[in-house]
Amino acid sequence: MNVLVTGGAGYIGSHAAQRLLADGHDVVVVDNLFRGHARAIDRLRERAKGGDRLGFERVDIGQTDEIERILRERRVDTIMHFAAWTYVGESVQKPLDYYHNNTAGSLSLVRACERSWRNAHGGVRRFVFSSTAATYGEPPADRVPIREDCPQSPINPYGASKLMVERFLRDAVAAATRAGEPFAAACLRYFNVAGADQTGIIGEDHDPETHLIPIAIQAAMGRRPGMTIFGQDYPTPDGTCVRDYVHVEDLADAHVTVMSRMQPGECVAYNLGIGRGYSVREVIAAVERVTGKSIPVTMGERRPGDPPVLFADPSTIRRDLGWAASWTDLEKIIATAWQWMRQNPEGYKS
Ligand code: UDP
């Protein structure tokens with residue numbers, strides 16, 4: 001297939017691009033490099049299997065005309081849409097940036113898909129959207145583990161900015177179907193993504209880094225003096241938040257599985273998680289075991305926008321498509337992140 005990967009210079013998008021190339025697909029990455037890394041693209045081109053089939057366009061997803069040109073020139077039939085702002089805390093501070101980049105940006109992209117249907121090659125037929133467990137908000141305890149039919153009621157602008165995209169994708173697919181266009185969409189609701197590609201080419205490199213596992217590893221490496229646990233009075237067994245950590249390679253695998261099975265007229269939603277939650281304290285203890293170092297920890301206030309418990313019931317995608325996470329051991333997941341960070345202590349600047 002000819003796949004356009006938005007945000008392909010970022011963490012999850014680059015892993016998906018790597019997997020698509022390895023599977024023999026043609027890939028064009030579209031990334032404005034605001035938070036993505038040109039070096040991730042260079043490394044994929046130079047070192048990844050099929051890297052010679054990787055195209056790159058430094059374009060913002062909001063540039064509808066440019067996207068339309070790329071869809072036409074590259075005869076794109078599938079979009080995997082990862083480009084987004086993804087920090088819950090930041091979304092509380094800057095909600096309009098989140099609605100602008102995530103919601104309006106995605107709308108522009110879907111608009112370009114619509115226009116691509118006029119193209120000789122038929123245009124975009126499949127749209128795979130990076131959604132998030134943050135769309136569920138703070139589910140009642142009896143709805144955890146979370147199934148796809150759990151009410152979606154986000155408690156932060158990040159989750160809301162993504163939920164709106166799910167909503168208009170459904171409407172866009174329905175309208176396309178009525179108009180006789182074979183268009184399909186999939187909303188993949190990620191839980192917490194972790195780890196790095198095992199070949200060591202690419203990995204997680206955020207600036208600023210806000211995610212628990214890389215922060216804990218940086219603290220273990222002495223690259224920061226210590227770390228803070230955000231809240232210890234949550235209604236959870238040890239008082240800290242519980243999350244479901246899924247390996248980034250499993251996530252890439254889920255994307256190609258979904259892409260290969262999408263049927264025209266469908267707008268499906270799947271939870272992507274391992275189906276078990278770990279508390280912040282459990283994650284920190286696991287990082288200490290993997291790295292063999294102790295981590296200086298301070299107790300801090302709750303971070304605004306954090307729900308206490310989020311973990312998936314991933315049985316729908318298993319039932320429909322036979323997909324399940326193959327990485328289910330937290331320490332093994334963390335070990336891949338540790339390997340990447342040891343080999344690239346400054347991330348892509350290393
Ligand atoms: N967290 C923490 N200290 C940190 C970073 C994260 O206690 O320095 C907590 C955070 O409050 C959340 C969990 O770790 O409960 C996972 O946060 P992360 O930012 O990795 O992912 P999110 O769940 O926000 O997508």
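Whatever order the structure lists ligands and atoms in, that order sets their numbers, starting from 1. Not measured: the values here are computed from a predicted model.
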Notebook entry, point to check: Are the aromatic rings of F82 and H15 close, with centres under 6.0 Å apart?
Noted result: no
For ligand 1, does [X] get within less than 4.0 Å through its side chain, its backbone, both, or neither, judged by non-hydrogen atoms?
| X | value |
| --- | --- |
| Y245 | side chain |
| T228 | backbone |
| V280 | side chain |

Check: Counting heavy atoms only, which of R303, R224, R243 is nearest atom 17 (O) of ligand 1?
Finding: R303
Item checked: Closest to atom 7 (O) of ligand 1 among F191, Y190, Y87, F230 (heavy-atom distance) -> F230
Closest protein heavy atom (residue, atom, distance) for [atom]:
| atom | answer |
| --- | --- |
| atom 5 (C) of ligand 1 | T210 O, 3.4 Å |
| atom 11 (O) of ligand 1 | D306 OD2, 2.5 Å |
| atom 15 (O) of ligand 1 | C241 CB, 3.0 Å |
| atom 20 (O) of ligand 1 | L212 N, 2.8 Å |

Notebook entry, point to check: Can you name the nearest heavy-atom pair linking G305 to I155, along with the distance?
Noted result: O-CD1, 3.7 Å
Checklist line | Nearest heavy-atom neighbours spanning Y245 and I274 | finding: O-CG2, 3.5 Å
Checklist line | Worked check of side chain to side chain contact (heavy atoms under 4.5 Å, CB included) between R223 and E346 | finding: CA-CA 10 Å; R223 296 190 65 80; E346 308 272 349; 3.2 Å; yes
Notebook entry, point to check: Excluding sequence neighbours, so at least two apart, what forms side chain to side chain donor-acceptor pair (under 3.5 Å) with R111?
Noted result: E114
Next item on the list: May I ask whether Y158 places a heavy atom under 4.0 Å from ligand 1?
Entry: no
Check: When the ring planes of Y98 and W85 are compared, do they come out parallel, tilted or perpendicular, using 30° and 60° as the limits?
Finding: perpendicular
Enumerated ligand 1 atoms positioned under 4.0 Å from heavy atoms of [X]:
| X | value |
| --- | --- |
| I229 | 7 (O) |
| N192 | 16 (C), 21 (O), 22 (P), 23 (O), 25 (O) |
| I215 | 8 (O) |

Notebook entry, point to check: Any Lys/Arg nitrogen of E209 or R224 sitting under 4.0 Å from an Asp/Glu carboxylate oxygen of the other?
Noted result: no
Item checked: Check ion pair D207-R35 (N to O, under 4.0 angstrom) -> no
Margin query: Could you check whether any side-chain N or O of R189 sits under 3.5 Å from a backbone N or O of E148, counting only pairs where one atom can act as donor and the other as acceptor?
Written below: yes
